[in-house]
*Asks:* 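One structure coming up, written as structure tokens, with questions to follow.
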Amino acid sequence: MQFDHLNFNEDDSLISIEDLKALRLRKKKIESDKKARKYILDINQRYRKMNSHKSNNFLRTMNPFKKAA
């Protein structure tokens, strides 16, 4: 039996209990990694959107003719 991190190829032969446990743990780890990457991507997108809005708003409200204090 050969395993790849994301794609695994199984033979039709019987596999041991330890292999089943390892396969189940590997699948859980892959799923949790996917969820973590999606969560981080969502946070980064919200941060970029908030940051770009602030910078755009700052440039719009900045008055070049206003006297400096």
Side-chain angles (χ1 to χ4, degrees):
M1 202 170 9
Q2 292 181 341
F3 288 107
D4 187 9
H5 184 66
L6 297 175
N7 300 323
F8 54 93
N9 299 324
E10 294 184 36
D11 296 333
D12 290 336
S13 63
L14 297 174
I15 56 176
S16 68
I17 294 173
E18 291 83 19
D19 290 339
L20 285 174
K21 287 181 182 178
L23 179 63
R24 188 178 307 128
L25 286 174
R26 195 171 298 115
K27 284 183 179 180
K28 283 184 181 180
K29 183 179 183 323
I30 290 170
E31 289 301 317
S32 67
D33 287 348
K34 285 180 184 178
K35 287 179 184 177
R37 284 193 298 269
K38 184 175 178 354
Y39 179 70
I40 291 170
L41 177 70
D42 290 342
I43 289 174
N44 286 338
Q45 285 176 343
R46 280 186 277 157
Y47 177 77
R48 274 188 239 115
K49 183 178 177 183
M50 180 180 62
N51 215 14
S52 67
H53 178 70
K54 281 183 182 178
S55 66
N56 288 342
N57 203 12
F58 172 75
L59 292 174
R60 244 184 273 133
T61 58
M62 189 171 71
N63 187 354
F65 302 109
K66 185 177 179 181
K67 289 185 177 180

*Asks:* How long is the straight-line distance from CG of N51 back to CG of N44, given to the nearest 0.5 Å?
*Replies:*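 Rounded to the nearest 0.5 Å, the CG-CG separation comes out at 11.5 Å.
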
*Asks:* List the residues meeting salt bridge (Lys or Arg N to Asp or Glu O under 4.0 Å) with E31, not counting sequence neighbours, and say none if there are none.
*Replies:* K34

*Asks:* How does the hydrophobic cluster around Y47 look, that is, which other residues are in it when side-chain heavy atoms under 4.5 Å mark a link?
*Replies:*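 Under the 4.5 Å side-chain rule, Y47 groups with M50.
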
*Asks:* Looking at R26, K27, K28, which one forms a side-chain contact (heavy atoms from CB on, under 4.5 Å) with I30?
*Replies:*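 Single side-chain contact (heavy atoms from CB on, under 4.5 Å) partner of I30 among R26, K27, K28: R26.
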
*Asks:* By the rule that ILVMFWY residues connect when side-chain heavy atoms come within less than 4.5 angstrom, directly or transitively, which residues belong alongside I43?
*Replies:*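 Under the 4.5 Å side-chain rule, I43 groups with Y39.
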
*Asks:* Who are the side-chain contact (heavy atoms from CB on, under 4.5 Å) partners of Q45, not counting sequence neighbours?
*Replies:*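 Once residues adjacent in sequence are excluded, the partners of Q45 under the side-chain contact (heavy atoms from CB on, under 4.5 Å) criterion are L41, D42, R48.
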
